[in-house]
Colleague: 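This is the structure I have questions about; it appears just below.
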Amino acid sequence: MAIINLANPSRFLALATRTIPWLGGLTLLVFAFAINQAMSAPDDYQQGATVKIMFLHVPGAWLGMLGWLVMTVAALGTLVWRHPLADVVAKAAAPIGAAFTLMCLVTGSLWGRPMWGTYWVWDARLTSMLVLFLLYLGVIAVWRTVEDPSRAARAAAILALVGALDLPIIKFSVDWWNTLHQGSSIFRMGGPTIDPSILIPLLIMALAFTLLFATLLLAATRNEILRRRVRAMRLMQASAAA
Amino acid sequence: MLAANHLGYIVAAYVAAVVVVGALVGWVTLDYRILRRTLADLERRGFSRRSGSSAAAHAGPALKKAREDA
Amino acid sequence: MRLAAVDLACRRGARDVFAGVSFAVASGEALTIRGRNGAGKSSLLRQVAGLVRIAGGQLTIEGGDPELTIGEQAHYLGHQDALKSSLSVAENLRFWAGFFDAGSTDLEKPLTAVGLGGLADLPAAYLSAGQRRRLSIARLLAVKRPIWLLDEPTSTLDQPAQERLAEFMRSHLTGGGLILVATHGDVGLDGAQELRLDSSFSRSSECGHGGDG
Amino acid sequence: MTPLAAILVRDMRLSVRVGGGALMGVLFFVTVVTLMPFALGPDLVLLKRIGPAILWLAALLASLLALDRLFAADHDDGSLDLILMGRMPLELVVAAKALAHWLTTGLPLIVAAPLIGLLLDLDAPAEGALVLTLIAGTPALTFIGLVGAAIAVTLRRGGLLLAVIVLPLTVPVLIFGVAAANAAVGGTVPFGTPFTVLCALSLASSAVGPFAAAAALRQEME
């Protein structure tokens, strides 16, 4: 359907309420299949069974970045196309993206423990994800400190855009910083070529997580619309009783 | 780094993932339920109890408009 | 209870705001303070409230609670409303009632009296300027203090709210309280004493005058 | 509810609501600690050795962060005038505000510190020492910062001035905090000595702080 009529909050609410259960069900289905595939995947010759953590770690990283991509597109929606739902989607995406980035960091740390003997190594990829996580917290902080939603939306949108521009630079500079100092991290995360027997379960897990992300985003956006509605009705309540 | 089977860490990782996903799902559903209740309460109460139906009536159409463009 | 000032003087920074101001207000009486902007109406009220240092003269109170200062027996309604936008109407009033040791009083009555009865759990951010001022006035009703110091209380109030305020002031006076109100217009208090602060008092010594009245 | 409880509950509620500064301290703390390795290099051996120092410096700066709004917010909306006209002594009111600030800024720091310590590869004894020293040290930071906030309340650009006023005053807390945190990991000094001095600093500042802050507020009011 055209994006235009999605712009009307009530129609979006009705659509969301209908699709969320189906999407949730599909997510569960794909997850069941993915978990099964992941568990039956062979151990990696080098990392042993801990490769199974990769099935959580890598999708977490992808969703972390996907979340920021969603926020960037929503930011353009807010600032350029003036789409009424854009800022609501951006506000909904921030905590979800942050949560998956956190999952990526935690699983990465648990994956590194048996390899390097420490919970955290300033490996290039892990460090970039940490900076991304801090950027997410910054955007959430903007939403939580600016009271007026439209002002908060514009501020968060600009931060998302600037973040989107800065992330590749951060990625590059962290890589350079890491290789420059070439400290103790002797082991590169997830070797260059991944054996198909591991790649397929990984892709299915990634699909399952992406569906989960979509369901959560839809539900969180619906919540934000309802929150806006509560706010509008409270304003109405104040003015009516003036 | 031997290819030992670090079951503990794998379980910990999956527990962490379940915790994060569980928190997200819990937060979204709880938030939805609270918002539904607040909305129902606001609608049922109309606006200020003291001003009775008149304010609610005159605010009725405004209320519908608020629902549209919120 | 009797509040008396003799040759009261006030300096703000290098400027003499006013000097030689005397008045006496007993229970059940009101004093209307008039004067141009910058004549020091607010400074006089803040001096009585104990918020501004008294540069000269005496300010005494007879009767009332001997242990308490004048400020601790007074309500001050300034230009600002002392409300927190992220707290609800009820939370704001509950805080001030709790802070002024009247925690257990019923808040519904003052809120309804100022016409905010139905908005108890509405965040103060949504209130209009007039509603915020009426919420401050509710503080005066919720906590019983004999002296009211009102600084242009009607500035953001509409006509019905002003009449309601005049009604509150009259009942406060008949209840034995006393009121000092700085205003430009009429606040509906007939029989109140008048005190005119005109700028002839405020001699600006070395540098030019600054700051508000 | 007593006046002190009213102030405590209100300040806590304000800092948690939208616009409040509750978790800002922790966010700043995490960011500062994350920045250090970018400057010092990813070498865990080095980071482990100066870990406690980095964490303590970050905690010190983080706990000052939310302080400048402590009185300025009340001053700007007129609440400070009414607080001065309350029957509760100002010293107790200021102490209640300090407690509210510590609960919303200091405590989250103490909870977050061990997790962030993992980034600098701190081992268990170092983490334990870090938490202990933060528990003993953050009250001192809050009460010293309290005085700075009271002095800076009516001044324009008070926030900037606050850091300049307060940081020198917190030097002893930093010295003994880091000394105690390092002592637990090794080194000549036993853990007890710097730790007791740190506790003494906290007790002293919690006694002097409110009086100095209340006096400063009264001075500022004209």
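Chain letters run A, B, ... following the sequence lines, proteins first, then strands; residues in each count from 1.
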Colleague: Counting only heavy atoms closer than 4.5 Å, note whether A:F213 contacts chain B via side chain, backbone, both or neither.
Modeller: neither
Colleague: What's the shortest heavy-atom distance between B:L35 and A:R227, and which atoms?
Modeller: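 B:L35 and A:R227 have their closest heavy atoms at CD2-CA, 3.7 Å.
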Colleague: Counting only non-hydrogen atoms closer than 4.5 Å, does B:V21 touch chain A with its backbone (N, CA, C, O), its side chain (CB onward), both, or neither?
Modeller: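 Side chain of B:V21 only, per the 4.5 Å heavy-atom cut-off to chain A.
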Colleague: Calculate, to the nearest 0.5 Å, the distance between atoms CG and CZ belonging to A:L15 and A:R18 respectively.
Modeller: 5.5 Å
Colleague: Tell me, side chain or backbone of A:L212 under 4.5 Å from chain B's heavy atoms, or both, or neither?
Modeller: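 Contact with chain B: side chain only.
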Colleague: So does A:R82 pair up with A:D87, basic N to acidic O under 4.0 Å?
Modeller: no
Colleague: What part of A:V106 lies closer than 4.5 angstrom to a heavy atom of chain B: side chain, backbone, both or neither?
Modeller: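 Only the side chain of A:V106 comes within 4.5 Å of chain B.
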Colleague: Chain A heavy atoms under 4.5 Å from B:V28: which part of the residue, side chain, backbone, both or neither?
Modeller: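 Its backbone and side chain both get close to chain A.
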Colleague: Measuring heavy-atom distances to chain B, does A:R222 have an atom under 4.5 Å in its side chain, in its backbone, in both, or in neither?
Modeller: side chain
Colleague: Are A:W62 and A:F209 an aromatic pair, judged by ring center distance below 6.0 Å?
Modeller: no
Colleague: Checking A:S109 side chain against A:Y119 main chain: does a donor-acceptor pair fall under 3.5 Å?
Modeller: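 Side chain of A:S109 to backbone of A:Y119: a pair is present.
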